[in-house]
Protein chains: 2
Amino acid sequence: MADVKTSVHSKKSYHHGDLRGQLLEAVRELVEEHGPDGFSISQACKRAGVSTAAPYKHFKDRHEILRGVVLLAMDRLIAAMQEGADSYPPGDPNRIAAIGRAYIDFARAEPGIFRTMFGLTESHSEDPELTKAGASANGIVENVVGDYLELAPTHPQVKLRAYALWCFVHGHSFLLLDSKHIEGLTNTEENEMLALVGQAMLS
Amino acid sequence: MADVKTSVHSKKSYHHGDLRGQLLEAVRELVEEHGPDGFSISQACKRAGVSTAAPYKHFKDRHEILRGVVLLAMDRLIAAMQEGADSYPPGDPNRIAAIGRAYIDFARAEPGIFRTMFGLTESHSEDPELTKAGASANGIVENVVGDYLELAPTHPQVKLRAYALWCFVHGHSFLLLDSKHIEGLTNTEENEMLALVGQAMLS
DNA sequence: CTTGTAAGTTAGCGTTGCTTACATATGTTT
DNA sequence: AAACATATGTAAGCAACGCTAACTTACAAG
């Protein structure tokens, strides 16, 4: 029982090592296992090995915990998108498809978290950090589209096309999770569709 | 208090008024007011003027109530889409944009319900009625696209393009709710984008 | 050593989802 | 009409949950 926290330091300090981080991880797992609202603070506490009152030393309420989880997920998603983009040289149309694929792959790999990220009723247009993260993701797409069209990322046409692409990829990701996707859509067909839409949107 | 039930007559409602319907309506209102998970059975019971145990004579559990609310919303959405399509003659490209606009307008008009419809973690690919409703909505789009392309609605190319359009509209609707939409996107610009995407996807 | 503060604990309140047992209204049968 | 079966409501209560209050412990600085 006591060996859990010895991972951090030698002393058997029955003050926790990194409870905040462990809680975020526990909630992330629970959300992934049981859906956006299938988790409870109690369960997360049980996983972290603390009492149910402990989290309130680190988070104001349930919502703030979820916010933390979503922020970390945003970082992962943005990193994946950027990585996808960086796997092709600037101007290469494959860059755009790579970003879309990273987005879709993330939704497939972490459906619970993905749902949570875009399911928060409150705080989405309010929270500055979340807004900033969203803008960051949007910026990646705009940069790549701008490179391709050889226009500034702030150009209205670039922004509109980037947004249209985002709509498509986002919608597809969500429909995938709801199993509403077209029957028998193979991976190659999906890639073809991505390419087709990208092509259509950027010509 | 008692006059509520006198409205209905004999055959349909045995005992009191139409509690099932009243509960569905109460939950719909609550979901719209407080978000997909901001409602409680207790509150709905209070609105319907019954005890908290009454709903369980009509619904198995909380989830089944939500399912009923979502099914009714599906009917409304499908009706709106069909109405949008019917406002233009077959083959008219405006038909496609009209369906998309109906979809988006629904999301804007009933954001809480819209979120709920596509936020249910379980039962989406499982529930036959929901699947059927989803297929029905999909069918509307496929029919219109098929008419336009002068191909059968079951033609692979029709299905793929219809799906791509749906992805776009669905994604845009969701991003709208999350206030992630492009800044200063006017209605006319939105319509232009709809037309542009429709054009691009159907050429 | 004393003391302040950060980070845990226990105990408990109010609400929720749901169940069990009981009460009542309605239609059908006799 | 009386009895029954069924549909539909209530009352009471349990377990789990979010969150708070009050207390306790550990560490670190003076």
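Chain identifiers are assigned alphabetically (A, B, ...) following the order of the sequence lines, protein sequences preceding nucleic acid strands; residue numbering begins at 1 within each chain. Small disclaimer: the values here were computed from a predicted structure and weren't measured.
In this model, the phosphate group of D:dA7 is not approached by any side-chain N or O of B:His58 to a distance below 4.0 Å at OP1 or OP2. Applying the 4.0 Å criterion to OP1 and OP2 of D:dC17, one finds that A:Thr52 has every side-chain N and O outside that range. Side-chain N/O atoms of B:Ser40 include one lying less than 4.0 angstrom from OP1 or OP2 on C:dT16.
Distance OH (B:Tyr56) to C1' (C:dT16): 9 Å, rounded to an integer number of Å. Taking atom CG on A:Asp18 and atom P on C:dA7, their separation rounds to 11 Å, with Å as the unit. The distance from atom CG of B:Asp61 to atom C1' of C:dG17 is 9 Å, rounded to the nearest whole Å. Residue B:Phe59 contributes atom CZ, which lies 15 Å from atom C1' of D:dA7 at whole-angstrom precision. As a whole-Å value, the separation of A:Arg62 CZ from D:dT20 C1' is 17 Å. Nucleotide C:dG17 holds its C1' atom 15 Å from the CG atom of B:Leu30, rounded to whole Å. As a whole-Å value, the separation of A:Asp37 CG from D:dC17 C1' is 13 Å. Distance NZ (A:Lys46) to P (C:dG8): 19 Å, rounded to an integer number of Å.
Comparing B:Lys57 and A:Phe39 by the nucleotide of DNA chain D that holds the closest heavy atom to each, the one mapping nearer the 5' end is B:Lys57. Mapped onto DNA chain D by nearest heavy atom, A:Gln43 and A:Lys60 fall at different nucleotides, with A:Gln43 at the one closer to the 5' end.
Taking a cutoff of 4.0 Å between a charged side-chain nitrogen and a carboxylate oxygen, A:Glu64 and A:Arg67 do not qualify as a salt bridge. Between A:Glu190 and A:Arg108 a salt bridge is recorded (basic side-chain N to carboxylate O distance below 4.0 Å). A salt bridge does not link B:Glu129 with B:Lys132: every distance from a Lys NZ or Arg NE/NH1/NH2 to an Asp or Glu carboxylate oxygen is 4.0 Å or more.
At a cut-off of 3.5 Å, with distance as the only test, no side-chain donor of B:His172 or B:Tyr103 sits close to an acceptor on the other residue.
Within 4.0 Å (heavy atoms only), A:Ser51 reaches at least one base atom of the nucleic acid.
Formation of a donor-acceptor pair under 3.5 Å by the B:Glu142 side chain with backbone atoms of B:Ala162 is not found in this model.
Relative to the side chain of B:Ala54, the nucleotides D:dA22, D:dC17, D:dT10 differ in distance, and D:dT10 lies closest. Each of D:dA21, D:dG9, D:dT10 was ranked by its minimum atom distance to the side chain of B:Ala53; first place goes to D:dT10. Distances from the side chain of B:Leu19 to the nucleotides D:dG18, D:dG9, C:dC18 place D:dG9 closest.
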